[in-house]
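To find a chain, count down the sequence lines: A is the first, B the second, and so on, and within it residues start at 1. These figures come from a predicted structure and were not determined experimentally. Quick note: numbers below take in every heavy atom, side chains included, and nothing from hydrogens, waters or symmetry partners.
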There are 2 protein chains.
Amino acid sequence: MMMKKTILALAALAMSGSVLAQALKPADAIKTRQAGYRYLSWSVGKIKANVEGNAYNKAEVIAAARTIAAIANSGMGALYIPGSEKDVGSVKTYVKPEFFQNQQEVGKVAQDFNREANAIAEVASTGDAAAVKAQLGKLGGTCKACHDKFKNRD
Amino acid sequence: MMMKKTILALAALAMSGSVLAQALKPADAIKTRQAGYRYLSWSVGKIKANVEGNAYNKAEVIAAARTIAAIANSGMGALYIPGSEKDVGSVKTYVKPEFFQNQQEVGKVAQDFNREANAIAEVASTGDAAAVKAQLGKLGGTCKACHDKFKNRD
């Protein structure tokens with residue numbers, strides 16, 4: 001009951017003003033948030049390859065960093081709707097129950113992630129590979145912090 | 001043989017300067033491009049709900065439009081690597097063979113899509129719901145044009 005209430009509150013928070021809440025099915029919410037994370041991860045991987053490789057492609061890093069920032073700012077919280085706390089048929093979710101029980105902590109890790117995601121988009125625009133590498137480390141720290149707290153291992 | 005050559009050319013075009021080409025497995029390439037399209041589709045749906053509903057949330061539309069533009073500019077072409085032309089085990093792809101046989105046409109539909117995706121991010125920032133609705137129509141037209149040509153039905 002309390003979990004349900006928190007989920008609703010989280011969803012309301014993320015979707016204030018949106019009329020989409022009702023339209024999304026739990027299985028689609030799970031698939032869509034996982035799609036966002038997968039695309040994020042690909043973008044992070046591209047930046048990593050650029051800062052660790054021999055060639056640095058400024059345009060590619062900028063595009064990847066902007067994608068990371070855009071997804072971070074896209075309101076993913078709206079994808080944690082009631083019914084999406086656990087697997088829906090063959091659609092698995094890796095989110096821990098704790099995610100829905102600690103709104104304050106979720107808000108904090110989300111805020112940390114967004115801040116570092118926006119920062120990497122800014123740093124990328126300078127083309128300074130060393131600065132991008134340092135910022136990628138900070139960003140990765142916020143990914144890990146959330147995974148450690150709220151993600152079950154595959 | 002010719003198809004393989006075109007795929008390689010497409011991949012090279014999209015990833016010039018990137019060191020990531022070798023790292024991506026075909027199944028992951030398929031999953032990642034589908035993730036991008038799914039996240040795009042969610043973003044389009046949010047804008048649609050805003051311009052067709054009673055409430056218009058400017059911030060939500062801006063965030064969704066920026067996500068669309070960022071994904072459009074993210075270099076998705078790099079996800080059409082050799083080996084990803086057909087299903088890989090249980091990982092299905094809906095891309096038609098024509099996609100890999102007509103580089104010029106793919107370039108055109110991609111360019112059209114990118115142009116309208118960038119335009120919706122600009123229009124969204126004005127908060128003009130009618131203009132956003134009109135631009136969403138243009139954007140949707142470029143999605144459809146590509147699907148009609150290069151996507152098999154589910």
Exercise. Is any residue of residues 109-122 of chain B within less than 4.5 Å of chain A by heavy atoms, and which ones?
Worked result: none
Exercise. Among residues 30-39 of chain B, which ones touch chain A with a heavy-atom distance under 4.5 Å?
Worked result: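 Within residues 30-39 of chain B, the residues under 4.5 Å from chain A are B:Lys31, B:Thr32, B:Ala35, B:Gly36, B:Arg38, B:Tyr39.
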According to a 4.5 Å side-chain heavy-atom criterion applied to Ile, Leu, Val, Met, Phe, Trp and Tyr, with indirect links allowed, do [X] and [Y] form part of one hydrophobic cluster?
{"X": "B:Ile81", "Y": "B:Val88", "value": "no"}
{"X": "A:Leu136", "Y": "A:Tyr56", "value": "yes"}
{"X": "A:Val95", "Y": "A:Val91", "value": "no"}

For this session: Give the member of B:Val61, B:Ile71, B:Ile62 that has the highest number of heavy-atom pairs under 4.5 Å with chain A.
Result: B:Ile71
Problem set entry | Exercise: identify the closest heavy-atom pair between A:Ser74 and B:Thr67 | CB-OG1, 3.5 Å
For this session: Start with the C-alpha gap between B:Leu24 and A:Trp42, add the side-chain angles, then the distance that decides, and say whether side-chain contact (heavy atoms from CB on, under 4.5 Å) holds.
Result: CA-CA 9 Å; B:Leu24 210 62; A:Trp42 181 53; 4.2 Å; yes
For this session: State whether the number of non-hydrogen atoms from other residues, nucleotides or ligands found under 6.0 Å of B:Lys96 atom NZ is greater than 12.
Result: yes
